[in-house]
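One structure is given here, and the rest of the page talks about it.
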Amino acid sequence: MKSKLNLDPKVVESARNHARNIAHDMQDFIDRHTTVSTERTILRLLGVDGIDDVETPLPNVVVDHIKDAGGLPRGVAYWMGNAMIQTGLQPQEIAEKVAAGELDLTKLDTVSAKEAEEAIMPAVHEALRKIKAQTKKREEYLARLGEGRKPYLYVIVATGNIYEDVIQAQAAARQGADIIAVIRSTAQSLLDHVPYGPTTEGFGGTWATQENFRIMRKALDEVGEEIGKYIRLCNYSSGMCMPEIAAMGALERLTSC
């Protein structure tokens, strides 16, 4: 078949093969390695939340604790599963003890990877149950209330104060908005942690936190019932904490992008 751009098909196929080989090599490298944000995401999905006495998020505390001991390549899921076996505690309780300096995960007796995996699977299934429940709730809302006509009307709120954002978002929904996007505070993508709790002061936007997600989702569900239409909620999961924010969005029924 002749190319409309007058390109040699053999050269095009060669370029595609080179690109495919590069992508495969990169994926092989990724599969053998991890990142601190990826490991923190696993902890959040296992139910670890909260902060320590100096307001450092517990996922950061635990991952840094394991990393500093040289254990991160083995993955936090292993260390959590092992600690559950050795202590009889749940992931949140283990994280709190690590933060209090009462537990060193890498100094405990160790079990096999299979045993650690079996120990942690109930927490994994609980995380999946929560996400599936949120998906089901969205489907139920859409079936009962319906949604706006496409193309969707997308409205941004970005006061810096989540409670003021709620007022603007509900007003926008009443005026026809189908999707509310909460813009993040300036440069949050450069932070190597996710702030905790509700926030009332941001810079050019509102901090993305799980509690802020929860507050806004609740507010949009309320206004959706009032106007008879499901309102989607969007935040952004780019930056150093991209996987963590995506996980929080899944847990709180957001549409992340």
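These figures come from a predicted structure and were not determined experimentally.
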Salt bridge (Lys or Arg N to Asp or Glu O under 4.0 Å) against Lys218, all qualifying residues, sequence neighbours excluded:
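Salt bridge (Lys or Arg N to Asp or Glu O under 4.0 Å) list for Lys218, sorted by chain: Glu222.
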How close do [X] and [Y] get, counting heavy atoms only, and between which atoms?
{"X": "Asn82", "Y": "Val111", "value": "OD1-N, 2.9 Å"}
{"X": "Pro195", "Y": "Ala208", "value": "CD-O, 4.1 Å"}
{"X": "Ile51", "Y": "Tyr196", "value": "CG2-CB, 3.5 Å"}
{"X": "Ala99", "Y": "Val61", "value": "CA-CG1, 3.8 Å"}
{"X": "Gly204", "Y": "Ile183", "value": "O-CG2, 4.1 Å"}

Examine distances only and state if a side-chain atom of [X] and a backbone atom of [Y] form a donor-acceptor pair shorter than 3.5 Å.
{"X": "Arg174", "Y": "Glu226", "answer": "no"}
{"X": "Ser14", "Y": "Lys10", "answer": "no"}
{"X": "His65", "Y": "Leu105", "answer": "yes"}
{"X": "Thr56", "Y": "Asp52", "answer": "no"}
{"X": "Arg32", "Y": "Asp28", "answer": "yes"}
{"X": "Trp79", "Y": "Gly71", "answer": "yes"}
{"X": "Lys130", "Y": "Ala250", "answer": "no"}
{"X": "Asp165", "Y": "Met216", "answer": "no"}
{"X": "Trp207", "Y": "Pro198", "answer": "no"}
{"X": "Asn21", "Y": "Asn17", "answer": "yes"}

Only residue of Leu220, Ile215, Val182 satisfying side chain to side chain contact (heavy atoms under 4.5 Å, CB included) with Val166 is Ile215
Is there a side-chain contact between [X] and [Y], using heavy atoms and a 4.5 Å cut-off?
{"X": "Ile179", "Y": "Thr255", "value": "no"}
{"X": "Arg44", "Y": "Asp49", "value": "yes"}
{"X": "Thr209", "Y": "Thr199", "value": "yes"}
{"X": "Met80", "Y": "Val62", "value": "yes"}
{"X": "Thr34", "Y": "Val76", "value": "no"}
{"X": "Glu126", "Y": "Arg129", "value": "yes"}
{"X": "Leu46", "Y": "Val124", "value": "yes"}
{"X": "Leu142", "Y": "Arg232", "value": "yes"}

Query raised in the report: Can you list the steps and then say if Gln188 with Ser185 is a side-chain hydrogen bond (donor to acceptor under 3.5 Å, both in side chains)?
Result: CA-CA 6 Å; Gln188 181 171 355; Ser185 183; 5.9 Å; no
Could you give me the CA-CA distance, side-chain angles and deciding distance for Leu58 and Gln92, then say whether side chain to side chain contact (heavy atoms under 4.5 Å, CB included) is met?
CA-CA 9 Å; Leu58 293 186; Gln92 178 67 26; 3.6 Å; yes
Should [X] and [Y] count as an ion pair when the cut-off is N to O under 4.0 Å?
{"X": "Asp178", "Y": "Arg149", "result": "no"}
{"X": "Lys132", "Y": "Glu139", "result": "no"}
{"X": "Glu211", "Y": "Arg214", "result": "yes"}
{"X": "Asp221", "Y": "Lys137", "result": "no"}

Which distance, rounded to the nearest 0.5 Å, do you find between the [atom1] of [X] and the [atom2] of [Y]?
{"X": "Lys107", "Y": "Gln86", "atom1": "NZ", "atom2": "CD", "answer": "15.0 Å"}
{"X": "Met240", "Y": "Asp192", "atom1": "CE", "atom2": "CG", "answer": "4.0 Å"}
{"X": "Ile162", "Y": "Thr200", "atom1": "CD1", "atom2": "OG1", "answer": "10.5 Å"}
{"X": "Glu244", "Y": "Ile42", "atom1": "CD", "atom2": "CD1", "answer": "10.5 Å"}
{"X": "Leu43", "Y": "Arg40", "atom1": "CG", "atom2": "CZ", "answer": "9.5 Å"}

Applying ring-ring contact (aromatic ring centres under 6.0 Å, His included) to Tyr78 and not counting sequence neighbours gives none
Practice task
Would you sort out whether Asn235 and Ser237 count as a side-chain hydrogen bond (donor to acceptor under 3.5 Å, both in side chains), showing the intermediate values?
Solution key: CA-CA 7 Å; Asn235 207 285; Ser237 57; over 6 Å; no
Parallel, tilted or perpendicular: rings of His33 and Phe29 (30°, 60°) | parallel
